[in-house]
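Working notes, beginning with the structure itself.
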Amino acid sequence: MRTHEAGSLRAEHAGQTVTLTGWVARRRDHGGVIFIDLRDASGVVQVVFREGEMADRAHRLRSEFCLKIVGTVEIRPEGNENAEIPTGAVEITTSDLEVLNESAPLPFPLDEHVEAGEEIRLRHRYLDLRRSGPARALRMRSEVNRIARTVLHANDFVEIETPTLTRSTPEGARDFLVPARLQPGSWYALPQSPQLFKQLLMVGGMERYYQIARCYRDEDFRADRQPEFTQLDIEMSFVDQDDVIALGEQVISALWKELADHEIALPIPRISYADAMARYGSDKPDLRFEVELTELTEYFAETPFRVFQAPYVGCVVMPGGASQPRKKLDAWQEWAKQRGAKGLAYVLVTEDGTLGGPIAKNLSDAEREGLAKAAGANPGDCVFFAAGQPNDARALLGAARVEIAHRCGLIDEDAWAFAWVVDFPLFEATDQIGDDVAVGSGKWTALHHAFTSPTPDSIDTFEQDPGAAKAYAYDMVCNGNEIGGGSIRIHRADVQKRVFEVMGLTEEESQEKFGFLLDAFKYGAPPHGGIAYGWDRICMLLAKADSLRDVIAFPKSGGGFDPLTSAPAQITPQQRKEAGVDFKPKPVEPKGEAAS
RNA sequence: GCUCACGUGGCCUAGCGGUGAGGGCACCGCAUUGUCAAUGCGGAGAUCGCGGGUUCGAAUCCCGCCGUGAGCGCCA
């Protein structure tokens with residue numbers, strides 16, 4: 001329909017007759033001369049209508065009318081250039097105008113300068129996407145896919161699709177369920193990830209698999225969480241941890257090089273889980289700033305202060321924090337309570353080196369004496385303490401660390417800090433977590449997932465001390481976000497059974513849930529491992545967006561609601577009947593059959 | 001499930017115990033020959049999220065509900 005794209009026109013096109021299509025971005029009507037900013041996917045160009053019939057017809061144009069125009073490219077009169085836009089040197093003098101489609105008045109302005117609420121924008125996402133910001137985010141996401149595919153194809157990977165109507169996968173989240181009409185009472189689960197399928201593909205000899213895979217988890221919302229989300233899912237045979245990590249680095253460095261103009265220094269540094277927790281109070285530390293936790297359990301071993309008579313005492317220093325007004329220090333208490341802590345003890349280091357704050361008087365003289373040095377605090381700093389179980393206290397301090405960095409402006413927003421977190425524990429005690437979704441019923445559950453291999457050091461001994469067993473697992477972290485994670489998998493049925501046993505999964509249960517996988521392992525399953533990248537989150541980081549919603553074409557809002565289609569929706573009684581959602585199982589039924 | 005914040009014409013927003021609920025954008029009409037977030041004049045458009053309460057009087061204070069967002073729990 002068109003000869004050129006609006007945003008592509010430059011001074012060198014002057015004199016050419018062009019046909020353009022696009023939308024009315026803005027109209028500036030001066031009576032005898034009317035300017036239209038015509039927008040298509042490539043950008044915007046100014047179209048001029050002068051007196052007579054053209055001006056009369058242009059007068060009736062409104063925002064977002066869809067047009068086809070024929071005109072000549074002309075250099076703008078001297079002094080009228082617009083340096084703000086790429087096409088600002090030229091304008092189109094129109095000889096023909098066709099309105100392809102009119103537009104109803106807009107529900108919200110598609111103005112680059114005015115910000116409309118998210119709810120209304122998502123309800124009319126097709127309009128929101130005409131704006132340059134949202135459009136750019138989706139185009140960038142397409143590039144993210146392209147670059148990853150290029151890297152993976154260069155490494156001989158095979159792109160394979162796996163089912164979305166399947167059986168529950170053991171990722172630990174709640175499943176989305178789909179009733180099976182042909183088998184009333186039986187349900188499909190949407191995959192939380194293609195985990196088991198990709199392992200089966202390794203058994204199937206595909207050796208190098210990847211997929212940009214949609215995953216589904218029925219959990220509550222966050223700004224960085226959606227009920228359906230995308231992973232770049234990768235699995236490789238005959239590899240160890242270093243091979244997967246090297247491949248993962250190739251993908252990520254290609255993305256950041258092309259899309260963020262950032263050369264990631266390879267190899268990406270590694271930090272052990274234990275180190276990350278001890279120093280940053282997080283398994284996804286933000287390494288863009290220096291502040292670290294200091295453990296003071298030893299220091300307070302003989303403390304008279306009862307709160308610090310705990311299995312773990314640690315602190316984090318807020319530079320310059322001693323000058324915070326009382327109100328701000330109280331706000332920190334509120335902040336800590338929000339996180340389920342009792343409070344956040346603090347000590348202020350005054351300029352003369354003495355200690356202030358409510359708990360200082362509870363400490364012994366000796367403790368007060370050496371505290372600033374032990375905590376690494378300088379005069380004028382504020383020291384926050386947490387005491388209790390190591391995990392809880394460190395998590396609180398880790399969160400405080402991030403909060404301090406924000407409040408003190410310690411974060412360089414242009415920085416990219418990558419790291420691998422490695423040497424995860426294989427198991428996690430179930431009394432530390434709500435075990436309603438844990439696989440199995442034992443005292444231990446998998447920290448990563450149930451198919452993660454113990455490291456070679458732990459593989460023979462993990463039953464004796466499950467808490468000490470290390471997993472062959474790794475997470476990639478960027479600026480405090482976990483952007484990917486993976487592991488070397490168990491490929492032997494006997495090891496898999498032993499792991500299930502530690503997790504309290506009986507032979508019968510594991511056979512019933514994962515029998516197909518255990519069966520597959522009987523037939524010479526190769527050693528394999530892989531990684532999955534949180535694709536939405538990576539796109540969000542690359543786009544410098546605040547929310548996952550910005551990099552998803554049609555995102556859900558809170559509560560899993562789609563503002564555009566109003567899904568989820570009620571179903572008709574007929575659908576209800578056919579779907580068999582009200583099927584009541586017979587009271588007594590012998591076990592067996594494929595259905596569960 | 002918990003905590004906090006917000007909900008005022010289509011959009012953005014002011015008002016925080018007595019107002020004719022004010023403004024900007026959009027919309028309709030008129031004017032307008034160099035703008036680029038054009039401009040000027042005129043017009044229409046609001047049960048102030050819903051329900052209850054306090055008060056002589058509520059958009060404004062209180063309670064409940066709904067919706068949205070952020071955080072926690074949960075979730076890699």
Side-chain angles (χ1 to χ4, degrees), chain A residues 25-38 44-52 55 59-60 62-64 76-85 87-88 91 103-124 127 171-175 192-193 195 215-227 229 231 283-284 334-341 395-396 399 403 421 424 433-438 446-449 452 473-477 481-487 531-534 537 546-547 549 557-559 561 563:
Chain A
R26 200 172 287 282
R27 178 181 60 116
R28 292 176 294 276
D29 186 345
H30 295 249
V33 57
I34 296 171
F35 303 100
I36 297 286
D37 290 339
L38 187 76
V44 169
V45 70
Q46 174 162 283
V47 177
V48 188
F49 299 85
R50 287 185 224 283
E51 56 233 276
H59 183 68
R60 287 193 294 275
R62 291 293 181 273
S63 283
E64 300 308 315
R76 290 197 190 186
E78 183 142 10
N80 284 308
E81 303 84 1
N82 184 353
E84 307 272 304
I85 56 172
T87 60
E91 59 191 14
S103 170
L106 299 170
F108 64 94
L110 303 191
D111 199 301
E112 302 294 333
H113 313 269
V114 183
E115 205 48 53
E118 190 171 54
E119 208 184 341
I120 188 78
R121 289 194 290 114
L122 292 183
R123 191 151 71 233
H124 304 274
L127 293 177
E171 229 73 9
R174 208 172 284 114
D175 286 316
Q192 294 178 32
S193 76
Q195 182 61 37
C215 308
Y216 306 86
R217 293 179 190 170
D218 188 6
E219 293 294 339
D220 286 359
F221 280 68
R222 285 297 144 75
D224 63 351
R225 223 188 281 164
Q226 285 270 312
F229 61 97
Q231 290 185 340
D283 62 356
K284 44 177 178 169
E334 279 311 304
W335 174 89
K337 281 178 189 153
Q338 265 286 162
R339 244 145 273 259
L396 180 64
E403 189 67 22
V421 178
F424 282 83
I433 57 168
D435 65 349
D436 53 321
V437 293
L447 185 74
H448 203 83
H449 58 58
T452 301
Y474 30 85
D475 277 0
M476 189 187 266
V477 168
N481 299 279
E482 187 216 313
I483 59 172
S487 60
I531 187 166
Y533 280 106
R537 207 168 288 183
D546 299 319
S547 166
R549 290 172 218 125
S557 73
F561 182 72

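Proteins come first, then strands; the chains are lettered A, B, ... in the order of their sequence lines, and each starts at number 1. Bear in mind the structure is a predicted one, so any value in this text is a computation, not a measurement.
G558(A) comes within 4.0 angstrom of the backbone, heavy atoms only, and of no base. L447(A) comes within contact range of at least one nucleobase, with a heavy-atom separation under 4.0 Å. Here E119(A) lies in heavy-atom contact (under 4.0 Å) with sugar-phosphate atoms only. Contact annotation for R62(A): backbone-only contact, meaning every heavy-atom pair under 4.0 Å involves sugar-phosphate atoms and none involves a base. Residue contacts shown for R217(A) are limited to sugar-phosphate atoms, with no base heavy atom under 4.0 Å away. Counting any heavy atom pair closer than 4.0 Å across all strands shown, S557(A) reaches sugar-phosphate atoms only and no base atom. D283(A) comes within 4.0 angstrom of a base, heavy atoms only. Contacts of R537(A) with the nucleic acid, taken as non-hydrogen atoms under 4.0 Å apart, are absent.
Checked against side-chain contact (heavy atoms from CB on, under 4.5 Å), E112(A) has the following partners two or more places apart in sequence or in another chain: R131(A), S132(A). Among residues two or more places apart in sequence or in another chain, the side-chain hydrogen bond (donor to acceptor under 3.5 Å, both in side chains) test is passed with R217(A) by none.
The heavy-atom pair separating D224(A) from R537(A) by the smallest distance is O-NH2, 3.2 Å.
Taking every side-chain heavy atom of R339(A) into account, rC72(B) is the closest of rA76(B), rG73(B), rC72(B). Picking from rC75(B), rG69(B), rG71(B) the nucleotide with the shortest atom distance to the side chain of A223(A) gives rG71(B).
At least one side-chain heavy atom of H30(A) sits under 4.5 Å from a side-chain heavy atom of F35(A).
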Set out, line by line, the N/O atom pairs under 3.5 Å between protein and nucleotides 10-14 of chain B.
residue: rG10(B); atom: O2'; partner: P107(A); partner atom: O; Å: 2.5
residue: rC11(B); atom: O4'; partner: P107(A); partner atom: O; Å: 3.1
residue: rC12(B); atom: OP1; partner: G117(A); partner atom: N; Å: 2.9

Sub-3.5 Å pairs of nitrogen or oxygen atoms, protein against nucleotides 3-7 of chain B:
residue: rU3(B); atom: O2'; partner: Q338(A); partner atom: OE1; Å: 2.9

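The existence of a salt bridge linking E118(A) and R549(A) is confirmed by a sub-4.0 Å separation between a basic side-chain nitrogen and an acidic carboxylate oxygen. Ion pairing of R28(A) with D37(A) is present here, as a side-chain N (NZ or NE/NH1/NH2) and a carboxylate O approach within less than 4.0 Å.
Heavy-atom nearest nucleotides on RNA chain B were determined for D220(A) and for D546(A), and the one closer to the 5' end corresponds to D546(A).
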Tell me, for nucleotides 30-35 of chain B in 5' to 3' order, what letter each nucleotide earns: B for a base near a protein heavy atom under 4.0 Å, S for only sugar-phosphate near one, - for neither? --BBBB
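Base-pairing analysis of RNA chain B finds the following stems of at least three consecutive Watson-Crick or G-U pairs, with both pairing distances under 3.5 Å: B:1-7 with B:66-72, B:10-13 with B:22-25, B:27-31 with B:39-43, B:49-53 with B:61-65.
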